[in-house]
Amino acid sequence: MRYAQIILPLNLKGSFTYRIPEELMPSIQPGMRVLVPFRGKKIYTGLVFEIHDHEPENFIPREIISILDEFPILPKEQISFWNWLSEYYLCSPGEIYRFAFPSSLKLESETYLKLRPNVAVDFENLDVNEMYLIQALEVRQLINLTDIEAFIPKKEIIKTINSLIDLQYIEIDEKIAEKYKAREVAYVKINEKFLNNHDLTEILSKLNKAPRQKDLFLLILDKQTETPSAYIKKSELFEAGNFGSLHFKALVDKNFVEEYYLQKDRLESYEGEIEEIEELSESQKLAKKEVDKAFEDNKKVLLHGVTSSGKTHIYLEKIEECINEGKNALFLLPEISLTKQITLRLEKKYGRQLGFYHQKLTDFERVEVWRKIKNNDIQILIGTRNALFLPFQNLGLVIVDEEHDSAYKPREVSPYFNAKDAALVLAGFYKAGVILGSATPSVESCYLARKDKLKYVFLGERFGDVKLPEYELINFKEAQESKKVSGNFSLHLIDEIRKTLDEKNQAIILHNRRGYANVVECETCGYVNYCSNCDVVMTYHKSANEMKCHYCGQRASKPKTCPKCYSENLNERGVGVEQIHEEVSKIFPDSEVDRMDVDSMRKKFAYEKLYEKIEDRETDIVVGTQMISKGLDFDHIELVAIPKADSLLYVQDFRAEERAYQLITQVSGRAGRVSGKGKILIQTYNPDHSVFQLIRINNVTKIYDYFLKERQKFHYPPFTKLIMIELKHRKEEKVNRASQFLGSVLRKYLPEECVLGPERAQIARLNNLYQFQILLKLPRGKNYEKFKEMVLISLNEFEEITAYQSIRKAVLVDF
DNA sequence: AGCACGCCGACT
DNA sequence: GTCGGCGTGCTC
């Protein structure tokens with residue numbers, strides 16, 4: 001066993017072979033971090049994936065420099081998980097490594113310069129920059145590349161360094177610095193040897209001439225005697241404001257007071273009271289029993305609980321059982337904003353045993369969670385998808401809440417994976433139980449449940465016997481024909497809103513389109529405002545008074561006249577949420593109407609402020625995008641209106657109907673949570689559309705029957721497996737050619753009907769990159785693995801063409 | 001990925 | 001003539 005396969009934090013295929021030096025042989029193990037040289041002098045933190053004895057044939061391996069960990073930092077379950085991820089999602093282990101580890105745990109060496117020993121520098125022949133650098137190096141032996149920017153213009157740095165290296169005056173050195181530093185907090189105490197009456201009186205009399213110091217001393221003494229076990233923070237002494245650090249320093253100098261430091265967590269943990277959870281209702285108890293039974297049979301559970309049925313209660317019970325067995329639980333949520341409420345609920349019960357992990361933590365905070373998980377200091381972790389990679393020691397339960405949510409598989413970050421599916425696999429390696437929970441499960445999960453791959457548990461009653469909301473479809477076409485409309489609202493819809501307001505209740509209006517108008521168009525010449533980076537029309541945002549591209553974020557001012565023909569007849573087309581908000585405000589001038597979308601929630605605490613406003617019932621109507629479907633659990637919302645429901649269906653995506661159903665159902669769940677008299681109004685031109693009809697009768701089985709039938713008919717998942725390959729490049733010609741080539745290679749290995757495209761992407765150019773797509777529709781089951789092998793072969797063949805190496809490629813498995 | 005090497009246009 | 005642009009090649 002003299003060689004190790006090492007993963008490097010680079011987007012490179014596969015792993016690299018290094019030789020293990022004799023002295024490291026006894027201690028090296030898979031899952032440990034090591035320092036390895038890679039390409040010249042550069043040093044990376046690699047990860048040992050495998051130890052073996054196969055001598056490489058085509059190259060001479062280099063040696064591992066040193067081992068960074070005493071014990072493997074990555075448990076063996078995680079190593080298996082990574083292997084599965086890279087095979088299933090066709091991504092490199094390096095990508096996973098980069099994604100999984102906080103950057104402080106995978107440091108790269110930094111390049112330093114130093115003078116060569118015993119050189120005589122001939123200053124006469126140096127230019128100014130070279131002279132500066134030599135002089136700087138004479139003062140401080142090592143200089144970091146970024147420090148050089150302070151005295152040499154950026155453009156000339158490389159030239160200067162290269163010329164000094166040629167002259168053999170300086171050389172390059174690589175150093176790895178530990179970046180993570182524990183946070184230290186200063187504490188104070190009275191010097192112990194003076195802690196007796198005699199000495200204390202003496203000190204106080206000595207301090208008579210310095211009253212401030214005396215007061216400070218007395219304050220410390222006071223705090224210390226009051227609770228001798230407590231630690232006194234230095235910072236709290238100055239809160240009163242009468243003392244400065246000078247007074248404190250004087251006391252320290254006189255040796256009366258001691259200052260000391262303790263390492264402190266960056267993550268605040270809950271210190272309040274610990275609360276018990278409420279008892280389960282009858283139907284919850286039944287559901288819980290089914291979950292228990294499934295776990296006994298080693299089956300994973302799909303918990304389908306209608307809105308406010310109390311899925312969380314069941315989660316809590318299972319978590320409790322899990323940690324009572326001495327195991328850890330992982331609670332996954334699709335996004336950070338949702339972690340807050342569940343955290344509030346859990347920390348009352350579990351206090352310090354609870355941790356969180358998500359994209360908003362700083363790097364050092366992530367390292368601290370890593371260490372705590374590694375040392376088993378945290379029993380329950382609440383997190384987003386990246387929490388799957390924490391080094392759990394004995395994971396016993398994984399909960400994936402809102403399992404249908406598309407945030408579990410964002411398209412734009414690599415490695416591309418669906419956290420819901422990955423959670424199932426990870427739990428498998430740990431032999432942990434899994435609960436996928438949702439009020440609107442994904443069609444895929446429902447299919448698995450029907451195939452008995454998941455145990456289906458249905459919770460159809462709201463907690464406390466509260467009734468489910470009622471649905472009503474409003475035929476907008478009819479309303480228009482009988483002239484019973486005002487703008488985008490039928491008079492009936494307006495009446496219903498008014499009724500709700502009159503009863504002092506609140507209403508929610510959903511319109512899932514940002515901005516004020518989709519397009520600003522010139523009536524005279526037809527000009528529309530395109531984004532300069534993308535092939536997309538820019539959306540008009542009235543409140544910010546600008547045009548925005550929703551794909552690259554570019555902003556432009558709104559044209560007053562047509563830039564092409566100077567006509568002033570500019571027409572706004574396509575209704576956005578801002579316009580709906582404006583309309584509602586005009587219809588109900590005496591009501592408080594607020595808007596909730598990413599644009600209005602951008603400011604700090606905007607969300608919190610609006611949340612409080614709604615809670616205090618200062619807000620009467622909330623108009624918003626899909627954002628309002630999540631987390632707004634209030635007691636007095638009785639009406640949900642969707643004035644332009646058709647727009648939810650007209651999206652080019654085979655999941656559009658499923659998404660529409662999920663969004664409508666989720667937002668409906670906000671209504672009548674306490675009264676049981678919630679009402680949902682869906683205004684549409686097509687009240688006969690199957691999706692709307694099925695939502696109205698609210699029959700869960702029939703809805704999924706319908707979705708599954710449609711998917712089967714058009715050969716979409718879960719009946720087939722999809723792989724999307726996207727190619728991007730600045731030059732359209734080049735990607736076009738490349739994608740044609742890749743398409744032909746794929747057709748060589750796969751049946752014709754499996755390969756769709758290549759085609760220009762729906763957004764042909766995004767951020768100045770032209771995109772082409774090839775969609776692979778592969779059969780499920782045994783053949784899938786074979787076909788995927790073929791895809792891999794095709795991709796390798798494609799990569800061998802050097803001209804296509806500059807083309808960016810994304811492979812999205814289970815797209 | 002990122003860094004070095006190598007080949008062509010815009011400037012002193 | 002050079003400087004520096006980026007296309008290409010390679011890393012255990």
### Query
Out of dA1(B), dG7(C), dC3(B), which has the shortest distance to the side chain of Asn11(A)?
dA1(B)
### Message
Using the ring centroid of each side chain, check whether Tyr357(A) and Phe392(A) are separated by less than 6.0 Å.
### Response
no
### Query
Rounded to whole angstroms, how far apart are CD1 on Ile65(A) and C1' on dC12(C)?
13 Å
### Query
Rounded to whole angstroms, how far apart are CG on Leu10(A) and C1' on dG2(B)?
8 Å
### Query
Between atom NZ in Lys106(A) and atom P in dG2(B), what is the gap in whole Å?
11 Å
### Message
What's Thr17(A) touching, base or sugar-phosphate or nothing? Going by heavy atoms closer than 4.0 Å.
### Response
base
### Query
Rounded to whole angstroms, how far apart are CD on Glu799(A) and P on dC10(C)?
15 Å
### Query
Can you tell me how far CZ of Phe16(A) sits from CG of Leu10(A), rounded to the nearest 0.5 angstrom?
7.5 Å
### Query
Arg730(A) side chain: which of dG7(C), dG9(C), dT11(C) is closest?
dG7(C)
### Query
So what does Arg39(A) hit on the nucleic acid, given a heavy-atom distance under 4.0 Å: a base, only sugar-phosphate, or nothing?
base
### Message
Expressed as a whole number of angstroms, how long is the span from Gln805(A):CD to dG2(B):C1'?
### Response
14 Å
### Task
Could you check how far CZ of Phe38(A) sits from P of dC10(C), rounded to whole Å?
13 Å
#### Entry: Shortest side-chain distance from Leu12(A), nucleotide among dC12(C), dT11(C), dC3(B)
dT11(C)
### Query
Does a sphere of radius 6.0 Å around CZ in Phe654(A) hold more than 12 heavy atoms from other residues, nucleotides or ligands, not counting ones at 6.0 Å or beyond?
yes
### Task
Can you establish whether the number of heavy atoms outside Phe71(A) located under 6.0 Å from its atom CZ is more than 12?
no
### Selected nucleotide, minimal atom distance to Phe16(A) side chain, candidates dG9(C), dA1(B), dC12(C)
dC12(C)
### Query
At under 4.0 Å between heavy atoms, what does Phe59(A) touch on the DNA or RNA strands: base, sugar-phosphate, or nothing?
base
### Message
If I take atom CZ in residue Arg2(A) and atom C1' in nucleotide dC12(C), what distance separates them, rounded to the nearest angstrom?
### Response
16 Å
#### Entry: Spacing between Ile172(A) atom CD1 and dA4(B) atom C1', to the nearest angstrom
12 Å
### Message
Take a 6.0 Å sphere around OH of Tyr749(A) and say whether it holds more than 12 heavy atoms from other residues, nucleotides or ligands.
### Response
yes
### Task
Report the nucleotide, chosen from dC3(B), dA1(B), dT8(C), that has the shortest atom-to-atom distance to any side-chain atom of Lys734(A).
dT8(C)
